[in-house]
Number of protein chains: 2
Amino acid sequence: MSRRATIADVARLAGVHPGTVSRALNSRTEGQVNPETIRRVRAAARQLGYTPNSIARGLRTSSSMTIGVIVPDLTNPIFPPIVRGIESYLTPRGYSALVVNTDGSDETERLVFQSLIQRQVDGLIFATGHQGHSTATEAFELDVKAVMVNRESGSVPYPAAVGDDAQGIRASLAHLAQLGHQRIVHLAGPTGFSTSQVRREAFVAGCAALGLDGTVVETAAYTVDAGQRSMERVISGGELPTAVVAGNDLLALGVYHALRGNALRCPEDVSVVGFNDMPFAGDFEPAMTTVRVPHFDLGVEAARLLCEEIETSVITAIKVVLPVELVIRASTGPVR
Amino acid sequence: MSRRATIADVARLAGVHPGTVSRALNSRTEGQVNPETIRRVRAAARQLGYTPNSIARGLRTSSSMTIGVIVPDLTNPIFPPIVRGIESYLTPRGYSALVVNTDGSDETERLVFQSLIQRQVDGLIFATGHQGHSTATEAFELDVKAVMVNRESGSVPYPAAVGDDAQGIRASLAHLAQLGHQRIVHLAGPTGFSTSQVRREAFVAGCAALGLDGTVVETAAYTVDAGQRSMERVISGGELPTAVVAGNDLLALGVYHALRGNALRCPEDVSVVGFNDMPFAGDFEPAMTTVRVPHFDLGVEAARLLCEEIETSVITAIKVVLPVELVIRASTGPVR
DNA sequence: CTGAAAGCGCTAACAT
DNA sequence: ATGTTAGCGCTTTCAG
């Protein structure tokens, strides 16, 4: 990469002072400079192929115009839409999103957090909230502006953009009750996540309200394997439920696998409801009944909350809850 | 965010010159400084919670330690694994990956390219290669170091990490021939992408070699909808093939939809082979026979090629081709 | 082994 | 409306 033109080169060619070039090229300050001069500066800049060096600008203005986004694993299909939503808000405002993965490890998260801080990010979006979230605590103590997305913080009063988990579970339960289901198992996501807790509590409350025989079964992680293992325990435990409300779609997929492995059919033997409506959930075998969470919009809202926090410099512990919608497909049917 | 400690603060506390702090804290130069001094500097740094400002360092060293990654759409399930592969190579080497989306628009790509250049990225990884790829041409002319991943460049001699597309198609054809299929349609991806072209040529050559009756049908994009539309044309066109080799899994999913919409069964009426083995391809209805492409490893190789280019400053127009593997599942069966 | 000094490219007071 | 000056935080010669 050959040496690139600087503001000094442009100034020389346009016959003005570097400071003037800076003012002429910045939309906020171009009002302070003669239109004719602006024209000359622009021409010189174009001729030299000048591109502002945002590193130098960032050093001077102490704002990098980049936002760190911390996700557990980009490969989990709910995160790409969230990230795209974040970018769709940030990009038009001149920010870039620096996305990093933690693989669910607090240790890794601390490392990537450090690297984001070194890069002088203007703010952080955590998709990794959980109880005892030490990185969020550290960020909070360092006065780093941040928000949570999808999951709420388990440890600090950062704003959050989340889906209406409780409503999603209530809708699932109502749907199952209407189909005649009575004995229902909830495969609860791992403890420590706000999503797991809210969904679990909504399940218990919902069963009580509808007079259903609900049982909560733990899972070790939000993964297909964990869902399969937990469901296999349910199956071998005797009394089969007629329906399963899974903590998310991955767990529901694990339920599919366990059912198939035990020559049980879905929905004929057991109905299954997922959560998230991850991409292609409608193409699974059987097409999955699940709760659609507006992940893209969650990303947009999180970015908006963060930008407001950055601009106003006040940490408003607001929570934005977006509505969810039960999508009924082929994995649920009448009890028989 | 309160004012953070700088190297000057550390120097003052440790009673040394800022230059010495810099040397003491940098692994490449710490050999030049007294161990006892290093200890004192480290203690002072820890006490102040000092974090190096990589923006300032980048300005001084004119290297940002960030790599731009340009993808069409993170929401397309083949890209997250590629991105993770890239990061897995870059992160341990101190680089960060700045991922941006183009949504397949050259205009958007030029914009994000500009923003990456302003951010002084040390190199670029394009997952967007195609014929007349103007952004790659621009990058090349600006002497920007870059590599291609998944698709080769249609316009400039940048190195590329790609899967063995031709081999994948040959394996698919051999599998279908063995099941007795004769009349086979290839749903070719849109022209202009190296993947489309290589797969299409391999299909034609493979059919000739195996004595199969192969027909190529165009698609407008690598999407489910485009696959469905093209397959519907095939179905309404009369003579139904006994098997379809789709340009990728999304197109194959579109074939599923078209078949279902016309009360045709897969694989009983038509066998279908996809390409990529995208996540959850085994959970579709029916479980998809497809060619597994090692996307994560493609990302690793691309990052490696780029780092070599950055370090040696020579653009070696190398191509790394990774092996692929046919994964046989339930969407292909004997002809009947 | 350490200090001194310069400067990466830019912006923002201040002065004119 | 434009020029002048200083300096963001760091690394890297050059001296000593």
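Letters A, B, ... mirror the listed sequences (proteins, then strands); counts begin at 1.
- When only modelled atom types and interatomic distance are considered, A/Arg119 and B/Ser96 share a side-chain donor-acceptor pair under 3.5 Å.
- Between atom CD of residue B/Gln131 and atom OG of residue B/Ser194 there is a gap of 9.5 Å, rounded to the nearest 0.5 Å.
- Heavy-atom distances to DNA chain D give each of A/Val16 and B/Thr29 a nearest nucleotide, and the one nearer the 5′ end belongs to A/Val16.
- Among residues two or more places apart in sequence or in another chain, the side chain to side chain donor-acceptor pair (under 3.5 Å) test is passed with B/Ser115 by none.
- A/Val149 and A/Leu298 make their closest contact through CG2-O, 3.6 Å (heavy atoms, listed as atom of the first residue, atom of the second, distance).
- For the pair A/Arg151 and A/Phe193, the distance from NZ or CZ to the six-membered ring centre is under 6.0 Å and the angle to the ring normal is within 45 degrees.
- Side-chain N/O atoms of B/Ser134 and B/Arg110 include a donor and acceptor closer than 3.5 Å.
- Taken residue by residue, residues 110-120 of chain B places no heavy atom nearer than 4.0 Å to DNA chain C.
- With no hydrogens or angles considered, a side-chain donor-acceptor pair links B/Glu87 and A/Asn101 at under 3.5 Å.
- Under a cutoff of 6.0 Å and an axis angle of 45°, B/Arg46 and B/Tyr50 do not form a cation-pi pair.
- The side-chain hydrogen bond (donor to acceptor under 3.5 Å, both in side chains) pairs that include a residue from residues 71-83 of chain A are A/Asp73-B/Arg84, where partners are two or more places apart or lie in different chains.
- Axis angle between the ends of the helix from C/dC1-D/dG16 to C/dT16-D/dA1, five pairs each and rounded to 10 degrees, works out to 40°.
- A 4.0 Å heavy-atom criterion places the boundary nucleotides of DNA chain D facing chain A at D/dA1 to D/dG9, written 5' to 3'.
- A heavy atom lying under 4.0 Å from DNA chain C marks the following residues of residues 32-45 of chain B, by number: B/Gln32, B/Val33, B/Asn34, B/Thr37.
- In terms of phosphate contacts, B/Thr20 brings a side-chain nitrogen or oxygen within less than 4.0 Å of OP1 or OP2 of C/dG3.
- Residues passing the salt bridge (Lys or Arg N to Asp or Glu O under 4.0 Å) test with B/Glu30 are B/Arg42, sequence neighbours excluded.
- Under the salt bridge (Lys or Arg N to Asp or Glu O under 4.0 Å) criterion, A/Glu311 pairs with no residue, sequence neighbours left out.
- When the salt bridge (Lys or Arg N to Asp or Glu O under 4.0 Å) test is applied to A/Glu141, no partner is found at least two apart in sequence or on another chain.
- Remark: B/Glu152 engages B/Lys319 in a salt bridge (Lys or Arg N to Asp or Glu O under 4.0 Å) (not counting sequence neighbours).
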Note to self: side chain to side chain contact (heavy atoms under 4.5 Å, CB included) for B/Phe296 and B/Ser88? Distances and angles first, verdict last.
What the structure shows: CA-CA 9 Å; B/Phe296 186 94; B/Ser88 79; 3.5 Å; yes
Under 3.5 Å, N/O pairs linking protein and nucleotides 9-11 of chain C:
from	atom 1	to	atom 2	distance (Å)
C/dG9	N2	A/Ala56	O	3.3
C/dC10	OP1	A/Tyr50	OH	2.6
C/dC10	OP1	A/Asn53	N	3.2
C/dC10	OP2	A/Ile7	N	2.4
C/dT11	OP1	A/Arg57	NE	2.7
C/dT11	OP1	A/Arg57	NH2	3.2
C/dT11	OP2	A/Ser22	OG	2.7
C/dT11	O2	A/Arg60	NH1	2.4

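- The side chain to side chain donor-acceptor pair (under 3.5 Å) search around A/Glu109 returns A/Thr128, A/His133, not counting sequence neighbours.
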